[in-house]
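Written out below as structure tokens is the structure these notes cover.
When a ligand or atom number is given, it counts from 1 through the structure's own listing order. Predicted model only: the values in this text are computed from it and were never measured.
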Amino acid sequence: MAELKEVESFLQQLLQPQTFQDYGPNGLQVEGGRPVRRVVSGVTASLAFIDAAVAAGADTLFVHHGLFWRGQDGRLTGWLKERVKRLLVDDISLFAYHLPLDAHPEFGNNARFGRQLGLVADARFGEQGLGFIGAAAAHASLAALADAAASALQRTPTVLPGDGRPLRRVAWCTGGAQGYFEAAIAAGADVFITGEISEPQAHLARETGVAFVACGHHATERYGAPAVAAHLATQFGLVHQFIDVENPA
Ligand SMILES: [Zn+2]
């Protein structure tokens, strides 16, 4: 068991949110009143996730996508009211870490997603150093890399083949990082892997010859939250469970 304040300072120390410019508040987003015994981690604090965590007996939630984002108007109405109400009724705490969770070199989404594919970064690129890049390792061809991604994630990726060059350098950034494609090219990537694809990336892949692989936003961001929550649980002797609410996007 741990006090909420102890858990909060441990996570702040680990993830260093003050060093990022983010789209929403990182850290404790909803303060519950219970000591921390049972932590449930997940990708997004959706209503389905919160309900599943409540059913699993959670007193504390740890997610990548929290409740509050820049651009919201601040009202607790509709779907947001429902999510917050579920937490307050059971006095449950919610921690959310966005970019700090993507970036963490050991427990973060990028580090852990890379590990799924056998990739280890030897450099960073792009805004706030969120992009990871390293040797292609076992993946000498794009087909081998796409196969490895499909079997690791249980999901068929969208592949834009580029000019068919052999792979030496692989760059990746989990989630909706399609806007990092040009930075990945500038950093020397032969292929860039992320979660989502938008219209411009198809043209960029054709015109620069660098391949682009979209593996799913949710699918690529399933690894950081449970890694941090498991580490937290080990430190404080807590129970931890990861709950994956399926998302095709
Ligand atoms: Zn995301």
Side-chain angles (χ1 to χ4, degrees), residues 11 14-17 19-30 40-50 52-53 61-72 79-80 83 94-117 119 121 124-133 149 152-158 171-184 192-201 212-230 242-249:
L11 291 172
L14 180 72
L15 296 167
Q16 300 284 313
T19 61
F20 292 87
Q21 295 208 321
D22 214 330
Y23 309 97
N26 286 297
L28 186 61
Q29 289 199 343
V30 177
V40 169
S41 64
V43 178
T44 299
S46 64
L47 195 61
F49 170 75
I50 293 169
L61 311 186
F62 182 94
V63 298
H64 179 48
H65 302 135
L67 297 175
F68 307 110
W69 300 97
R70 196 164 63 196
Q72 286 172 334
W79 59 269
L80 186 53
R83 293 186 189 182
L94 172 70
F95 287 95
Y97 288 90
H98 185 236
L99 298 183
L101 184 63
D102 290 321
H104 192 276
E106 183 179 356
F107 300 109
N109 278 321
N110 281 319
R112 294 296 169 131
F113 171 71
R115 190 182 285 192
Q116 291 291 315
L117 300 186
L119 300 170
R124 302 281 196 97
F125 70 92
E127 200 188 322
Q128 302 191 61
L130 288 165
F132 283 41
I133 185 165
L153 302 174
Q154 292 297 298
R155 188 179 193 282
T156 306
T158 300
W172 69 97
C173 190
T174 59
Q178 60 270 53
Y180 280 51
F181 190 23
E182 282 191 86
F192 179 56
I193 311 169
T194 185
E196 297 188 32
I197 181 169
S198 300
E199 195 270 354
Q201 283 83 51
F212 184 96
V213 181
C215 294
H217 188 135
H218 173 89
T220 56
E221 294 197 324
R222 279 182 301 203
Y223 305 103
V228 169
F242 172 64
I243 294 181
D244 191 27
V245 177
E246 202 275 328
N247 187 333

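- Taking 2.8 Å as the criterion, Asp102 does not count as a coordinating residue of the Zn ion (ligand 1), since none of its N, O or S atoms falls below it.
- Between His65 and His98, the ring-plane angle classifies as tilted under the 30° and 60° cut-offs.
- Judged purely by atom type and a 3.5 angstrom limit, Gln72 uses its side chain to pair as donor or acceptor with the backbone of Leu67.
- Relative ring orientation between Phe125 and Phe192 is described as perpendicular, the plane-to-plane angle rising above 60° on a 0-90° scale split at 30° and 60°.
- For the residue pair Asn109 / Asp102, a side-chain donor-acceptor distance below 3.5 Å is found, with atom types taken as modelled.
- Rounding to 10 degrees, one finds that the Zn ion (ligand 1) sits at the corner of an angle of 90° between His217 NE2 and Glu221 OE1.
- Checked against the Zn ion (ligand 1), the N, O or S atom of His65 at the shortest distance is NE2.
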